[in-house]
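Have a look at the structure below, then the notes.
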Amino acid sequence: MSLVARHLEEAGLPTVVMGSARDIVEECGVARFVFTDFPLGNPTGKPDDVAMQTSITGMALDLLERAWEPRTTVQTPFVWNSENNDEWRQHFMKVDDSNRGALAAAGDQRRAAQADAKAEGRGRG
Amino acid sequence: MKADRRTHRSHVSYIDKSRNYYGAQGYPQAYQWAYNQDVPFAPLNKPLSECRVGLVTTSFFERKVDKDAVAGSAKKEPYAAKCDDAMEGLYNKDLFWDKDTTHTEDLDSYLPINRLREFAEQGRIGSLADRFYGVPTDYSHRRTSRRDAPQILEYAKEDELDVVLLVPL
């Protein structure tokens, strides 16, 4: 998605990326970025929280007017879980001794399924 | 609020997490993420209250995929569709997001069509385009840069967009 934003900027169209994967967007490099430190899935606000969605979308509009150079990142003030905000971070794509064997087995299974699909000519649907 | 101290940055590095996660699944080669030193910048040349705004998502419009196909094999092609036709939600199951922690039942939590229409009613923006645009995440930089990005630019020209908000899930 950041590559698309760069292409539009090169053609003279101002853009804002709104997202939660800060490192991926900033490594690619975009003109304007509104970062919300949430689990991936709700980059424009929590489900059914209209006030938050309005605020985050409004910050993207503000950034269009106010950024004067590329790589301008604004972080929105919202916190996913003020009681325990590290829980979702640690849980997502967790790799530790408790699941290492299961992950290796899942990888083998997935590769076998993909090989079967390829052999049967299914593959990309 | 009480000050805190940490030995690691607080926000998640998805580049680090995904490398470790797929490595643990036995994929030998780490994904090569896009990295650029230079970043293009187009300034806003007219008042936002006169701008037509376009929205781009990584969601699929619908699941154009054979039911027997393996997960993740939905067709990843750019598209344009009517905002009115997105009101029931978009197809996200094949995308990479935190399905254990949250959900995407509310469209405006990942594609703020209703919120932007409200901003248009208030005069904060000129209008939201009638169509929105989709670029389902493709792991090929070549396809994203050479096929998808020019297609989105084409849609932007057809719909006379002045600014574009891009929202990856």
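Letters go in sequence order (proteins before strands), and every chain restarts at 1. From a predicted model like this one, the values you see are computed outputs, not experimental measurements.
Heavy atoms of Ser18(B) lying under 4.5 Å from chain A belong to its backbone as well as its side chain. For a residue to count as touching a neighbouring chain, one of its non-hydrogen atoms must lie under 4.5 Å from one of that chain's; by this rule Tyr35(B) touches chain A with backbone and side chain alike. The contact between Leu111(B) and chain A is made entirely by backbone atoms, counting heavy-atom distances below 4.5 Å. Heavy-atom distances place the side chain of Arg6(B), and not its backbone, under 4.5 Å from chain A. With a 4.5 Å cut-off on non-hydrogen atoms, Gln151(B) does not touch chain A at all. Both the backbone and the side chain of Tyr27(B) come within less than 4.5 Å of a heavy atom of chain A. Heavy-atom distances place no part of Arg9(B) under 4.5 Å from chain A, backbone and side chain included. Both the backbone and the side chain of Pro168(B) come within contact range of chain A, with heavy atoms under 4.5 Å apart. Using a 4.5 Å cut-off between heavy atoms, Thr137(B) makes no contact with chain A at all. Looking at Asp38(B), the atoms closer than 4.5 Å to chain A (heavy atoms on both sides) all sit in the backbone: N, CA, C or O. Only the backbone of Asp162(B) comes within less than 4.5 Å of a heavy atom in chain A; its side chain stays farther off. Proximity to chain A is absent for every atom of Pro47(B), based on heavy atoms less than 4.5 angstrom apart.
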Criterion side chain to side chain contact (heavy atoms under 4.5 Å, CB included) on Leu13(A) and Leu153(B), from CA distance to verdict: CA-CA 9 Å; Leu13(A) 257 180; Leu153(B) 179 59; 4.2 Å; yes
Derivation of the side chain to side chain contact (heavy atoms under 4.5 Å, CB included) call for Val56(B) and Met1(A): CA-CA 9 Å; Val56(B) 186; Met1(A) 189 62 111; 3.7 Å; yes
Pair Arg124(B)-Asp62(A), salt bridge (Lys or Arg N to Asp or Glu O under 4.0 Å): steps then yes or no: CA-CA 10 Å; Arg124(B) 178 78 179 93; Asp62(A) 292 345; 2.8 Å; yes
Candidate pair Gln53(A) and Ser109(B), rule side chain to side chain contact (heavy atoms under 4.5 Å, CB included), full reasoning: CA-CA 7 Å; Gln53(A) 294 164 0; Ser109(B) 74; 4.1 Å; yes
Thr44(A) and Arg115(B): CA distance, side-chain angles, deciding distance, side chain to side chain contact (heavy atoms under 4.5 Å, CB included) verdict: CA-CA 10 Å; Thr44(A) 54; Arg115(B) 300 296 83 80; over 6 Å; no
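No more than 12 heavy atoms of other residues, nucleotides or ligands shown are found within 6.0 angstrom of CD on Glu87(A). The 12-atom threshold is exceeded at CZ of Arg100(A), counting heavy atoms of other residues, nucleotides or ligands nearer than 6.0 Å.
Between Phe92(A) and Phe96(B), a ring centre-to-centre spacing shorter than 6.0 Å is recorded.
Taking each heavy atom of Val167(B) and Pro43(A) in turn, the nearest pair found is CG1-CG, 3.4 Å. Listed here is the closest heavy atom pair of Pro14(A) and Pro43(B): CG-O, 3.6 Å.
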Contacts under 3.5 angstrom, residues 20-33 of chain A side chains, donor-acceptor by atom type, not counting sequence neighbours:
unit_1	atom_1	unit_2	atom_2	d
Ser20(A)	OG	Thr36(A)	O	2.8
Arg22(A)	NE	Glu26(A)	OE1	3.4
Arg22(A)	NE	Glu26(A)	OE2	3.3
Arg22(A)	NH1	Gln75(A)	OE1	3.2
Asp23(A)	OD1	Tyr14(B)	N	3.2
Asp23(A)	OD2	Ser13(B)	OG	2.7
Asp23(A)	OD2	Tyr14(B)	N	3.0
Asp23(A)	OD2	Ile15(B)	N	2.8
Glu26(A)	OE2	Thr73(A)	OG1	2.7
Arg32(A)	NH1	Glu9(A)	OE2	2.9
Arg32(A)	NH1	Thr15(A)	O	2.8
Arg32(A)	NH2	Ala42(B)	O	2.6

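In this structure, Met18(A) and Leu165(B) have side chains that are in contact, with non-hydrogen atoms separated by less than 4.5 Å. In this structure the side chain of Thr101(B) reaches within 4.5 angstrom of the side chain of Trp80(A), judged on heavy atoms. Trp97(B) is not listed as a side-chain neighbour of Pro39(A), based on a closest heavy-atom distance of 4.5 Å or more.
Lys17(B) places a side-chain N or O within 3.5 Å of a backbone atom of Arg89(A) that can act as its donor or acceptor partner. Looking only at distances, a side-chain donor or acceptor of Asp106(B) sits under 3.5 Å from a matching main-chain atom of Asp48(A). A donor-acceptor contact shorter than 3.5 Å is absent between the side chain of Thr104(B) and the backbone of Gly41(A).
Contact tally against chain B (heavy-atom pairs below 4.5 Å) for Pro47(A), Gly58(A), Ala106(A), Ala102(A): the top residue is Pro47(A). The choice from Asn45(B), Asn92(B), Thr58(B), Leu48(B) that makes the most heavy-atom pairs within less than 4.5 Å of chain A is Leu48(B). Annotation: maximal heavy-atom pairing with chain B below 4.5 Å, among Ala5(A), Gly19(A), Ser2(A), occurs at Ala5(A). Contact tally against chain B (heavy-atom pairs below 4.5 Å) for Lys94(A), Glu10(A), Glu65(A), Met52(A): the top residue is Glu65(A). Options Ile56(A), Asn99(A), Leu8(A), Asn81(A) differ in how many heavy-atom pairs under 4.5 Å they form with chain B, and the most are formed by Leu8(A). Interface remark: of the candidates Val4(A), Asn42(A), Thr54(A), Asn42(A) forms the most heavy-atom pairs closer than 4.5 Å to chain B. Contact tally against chain B (heavy-atom pairs below 4.5 Å) for Thr57(A), Asp86(A), Val17(A), Leu61(A): the top residue is Leu61(A).
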